[in-house]
Every structure is written in C-alpha cells, then in structure tokens.
Amino acid sequence: MVDGVILAGGMARRMGGNDKGLVELAGKPMIAHAIDRISPQVTQVLINANRNQDTYAEFGYQVFNDNESGYLGPLAGMVTALAKTQADYVMVVPCDCPLLPTDLFIRLHAALVAQQAELAVASDGEREQPVVLLLTPKLLTSMQAFLDAGNRKIDDWYAAHRCAVAEFSDQPDAFVNVNTPEQKQRLAQAIAR
C-alpha cells in the first residue's frame with residue numbers, strides 16, 4: 001500500500017502569499033496537475049495544507065495540517081503524514097510540480113530496493129529533488145527528532161540515512177516547479193505548446 005502525499009502547506013512568499021496549490025496553471029489549480037500525475041500510482045492521495053483546507057477538500061481527498069504550528073516547512077508535513085499512515089510506503093511530492101513523472105513510484109521503489117536503502121529521492125540528472133521522496137513509516141522517529149532539534153533542511157536529514165537516488169534525467173522537465181508568477185507564466189506557455 002502506498003500513500004501519495006502532496007505538500008501544499010507552505011506560505012508561498014515568492015508567489016505573493018497566494019496558496020500555490022490553488023494558483024491556476026493551464027486552466028486548473030496546480031494541485032490538480034499533481035493529483036492527475038500521482039493518483040494512478042498510489043493507493044490513496046492525501047493533501048497536506050495549513051490553510052484553505054475546505055477548498056482542498058473539494059478535490060475529494062483527505063486533507064491534513066501539520067501537527068506542529070508555525071509553518072516549519074516540508075518536514076513538518078512529512079512527519080505528520082508518517083504519523084498518520086497505515087501504508088507500507090509514503091511518496092511525497094510538492095504541489096507546485098505540475099509535470100511529475102507518471103512512473104515516479106515505480107522508479108523510486110526500484111532504486112530503494114536495488115540500493116537496499118531506507119528511502120529514495122528523485123534526481124533530474126543534475127540535482128536531487130529533496131521534496132520528491134519515497135519513505136517508510138519507520139523513519140518517523142528519526143525525522144521527528146531532527147525537526148525537534150530545530151533542523152529544517154530535508155537533505156541534511158536524509159544524508160544521515162541510506163538514501164537511494166532515482167534518476168529521471170530522461171525527463172528533465174519533470175521537476176520544474178512554480179515559485180513565482182513569472183515561472184508560472186513561462187510554464188503555462190510551455191504546456192500550451
């Protein structure tokens with residue numbers, strides 16, 4: 001069983017404070033693109049959102065906020081998801097990556113198994129994508145301790161674990177994310193082509 005968790009809990013400062021998951025791109029909210037990409041790959045979709053929860057609930061999936069208050073970043077959403085899940089795996093993706101691979105789980109899982117790792121992170125071939133991960137619930141204790149110690153940087157956390165890297169260099173645009181209105185405009189033009 002695999003839970004797919006879409007992280008939409010941030011403050012989106014570079015997007016003028018607009019809730020990124022709800023910002024329209026090519027005619028639909030960004031989170032709808034992420035849902036379309038991951039829902040066929042997972043047992044259930046969960047949405048981590050700290051505001052506009054009623055709006056997110058309209059997509060038909062369970063919505064949960066961070067257990068920790070204060071917008072502590074993606075790790076807070078991941079910790080909460082790991083504490084909630086009954087699944088064997090949790091695949092985490094951000095709400096602002098509308099072109100996620102349609103074979104994301106298969107490749108993350110294959111890398112995790114082949115490299116006998118505790119978790120797997122996606123790479124676009126040039127750099128790792130630290131909020132595109134495949135995790136197991138047993139990592140909850142370690143992640144919670146890291147967060148409780150005041151740490152926030154995901155890659156610092158997973159550097160302390162056996163972490164597999166799944167290469168997606170054949171899909172160089174898969175992890176293009178939208179942080180600013182300018183990036184949104186460029187991506188909308190690319191999708192329209």
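Quick note: numbers below take in every heavy atom, side chains included, and nothing from hydrogens, waters or symmetry partners.
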Asker: For the residue pair Asp66 and Asn48, confirm or rule out a side-chain donor-acceptor distance under 3.5 Å.
Answerer: yes
Asker: Is the backbone N or O of Ala81 less than 3.5 Å from a side-chain atom of Thr85, with the two atoms forming a donor-acceptor pair by type?
Answerer: no
Asker: In the structure I gave you, are the side-chain heavy atoms of Met78 and Leu7 within less than 4.5 Å of one another anywhere?
Answerer: yes
Asker: Answer whether the closest heavy-atom distance between the side chains of Val45 and Ile6 falls below 4.5 Å.
Answerer: yes
Asker: Should Leu108 and Leu104 count as side-chain neighbours, where that means a heavy-atom distance under 4.5 Å?
Answerer: yes
Asker: For the residue pair Phe105 and His109, categorise the inter-ring angle as parallel (less than 30°), tilted (30 to 60°) or perpendicular (more than 60°).
Answerer: parallel
Asker: Looking at every non-hydrogen atom in both residues, tell me the closest pair between Gly21 and Pro29 and how far apart they are.
Answerer: O-CB, 3.5 Å
Asker: Same hydrophobic cluster for Val90 and Ile154, using side-chain heavy-atom links shorter than 4.5 Å among ILVMFWY?
Answerer: yes
Asker: Whether the side chain of Asp88 engages the backbone of Met1 through a donor-acceptor N/O pair (distance < 3.5 Å, no angle test) should be reported.
Answerer: yes
Asker: With rounding to the nearest 0.5 Å, note down the distance linking CG in Asn151 to CZ in Phe146.
Answerer: 4.0 Å
Asker: Is the shortest distance from a Lys or Arg side-chain nitrogen in Asp3 or Lys84 to a carboxylate oxygen in the other one below 4.0 Å?
Answerer: no
Asker: Identify each donor-acceptor pair in which a side-chain atom of residues 96-103 lies under 3.5 Å from a protein atom, sequence neighbours left out, and give them as a table.
Answerer:
{"residue": "Asp96", "atom": "OD2", "partner": "Lys20", "partner atom": "NZ", "Å": "2.6"}
{"residue": "Asp103", "atom": "OD1", "partner": "Gln171", "partner atom": "NE2", "Å": "3.2"}
{"residue": "Asp103", "atom": "OD2", "partner": "Arg107", "partner atom": "NH1", "Å": "3.0"}

Asker: Distance only, no hydrogens: is a donor on one side chain within 3.5 Å (strictly under) of an acceptor on the other, for Asn52 and Asp19?
Answerer: yes
Asker: Find the distance between OH (Tyr56) and OH (Tyr61) and round it off to the nearest 0.5 Å.
Answerer: 14.5 Å
Asker: What's the spacing between Ser123 OG and Phe175 CZ if we round to 0.5 Å?
Answerer: 8.0 Å
Asker: Can you list every ring-ring contact (aromatic ring centres under 6.0 Å, His included) pair that touches residues 123-143, not counting sequence neighbours?
Answerer: none
Asker: First locate atom SG of Cys95, then atom NE2 of His33, and finally report the distance between them rounded to the nearest 0.5 Å.
Answerer: 11.5 Å
Asker: Please determine whether residues Leu140 and Val121 belong to a single hydrophobic cluster, defined as Ile, Leu, Val, Met, Phe, Trp and Tyr linked transitively by side-chain heavy-atom distances below 4.5 Å.
Answerer: yes
Asker: Would Val42 and Val132 show up in the same hydrophobic cluster when neighbours are defined by side-chain heavy atoms closer than 4.5 Å?
Answerer: yes
Asker: In the structure I gave you, are the side-chain heavy atoms of His161 and Leu139 within less than 4.5 Å of one another anywhere?
Answerer: yes
Asker: Looking only at non-hydrogen atoms, find the nearest pair between Pro137 and Ala87 and report the distance.
Answerer: CG-O, 3.3 Å
Asker: For Ala117 versus Cys163, what's the shortest heavy-atom pair and its separation?
Answerer: CB-C, 4.0 Å
Asker: Report the C-alpha separation of Leu22 and Met30 in whole Å, then their side-chain angles, then the decisive distance to 0.1 Å, and conclude whether the side chain to side chain contact (heavy atoms under 4.5 Å, CB included) test is met.
Answerer: CA-CA 6 Å; Leu22 302 176; Met30 265 200 282; over 6 Å; no
Asker: Answer whether the closest heavy-atom distance between the side chains of Val92 and Leu135 falls below 4.5 Å.
Answerer: yes
Asker: Nearest 0.5 Å please: distance from the CG atom of Asn65 over to the CD1 atom of Ile47.
Answerer: 13.0 Å
Asker: Listing request: all salt bridge (Lys or Arg N to Asp or Glu O under 4.0 Å) pairs with a residue in residues 119-146, at least two apart in sequence or in separate chains.
Answerer: none
Asker: Given side chains that start at C-beta, do those of Val93 and Val131 come closer than 4.5 Å, heavy atoms only?
Answerer: no
Asker: Under 3.5 Å, side chain of Gln116 to main-chain N/O of Leu112, donor-acceptor pair present?
Answerer: no
Asker: May I ask you to decide if Val2's main-chain N or O and Thr43's side chain share a donor-acceptor pair within less than 3.5 Å?
Answerer: yes
Asker: Under the side chain to side chain contact (heavy atoms under 4.5 Å, CB included) rule, what do Asp148 and Gln144 come out as? Steps first, then yes or no, please.
Answerer: CA-CA 6 Å; Asp148 289 347; Gln144 185 69 63; 2.8 Å; yes
Asker: Considering non-hydrogen atoms only, spot the tightest contact between Leu119 and Leu133 and give its length.
Answerer: CD1-CD2, 4.0 Å
Asker: Is Trp157 close to Leu147 at the side-chain level, that is, under 4.5 Å between some pair of heavy atoms?
Answerer: no
Asker: OG1 of Thr80 to CG of Leu46: how many Å apart, nearest 0.5 Å?
Answerer: 11.5 Å
Asker: Of the non-hydrogen atoms in Gln115 and Val165, which two are nearest, and what is the gap between them?
Answerer: NE2-O, 3.3 Å
Asker: If Ile, Leu, Val, Met, Phe, Trp and Tyr residues are connected whenever their side-chain heavy atoms lie under 4.5 Å apart, and connections chain through other members, are Ile38 and Val63 in the same group?
Answerer: yes
Asker: Answer yes if Phe59 and Val23 sit in the same cluster of Ile, Leu, Val, Met, Phe, Trp and Tyr residues linked by side chain heavy atoms under 4.5 Å apart, and no otherwise.
Answerer: no
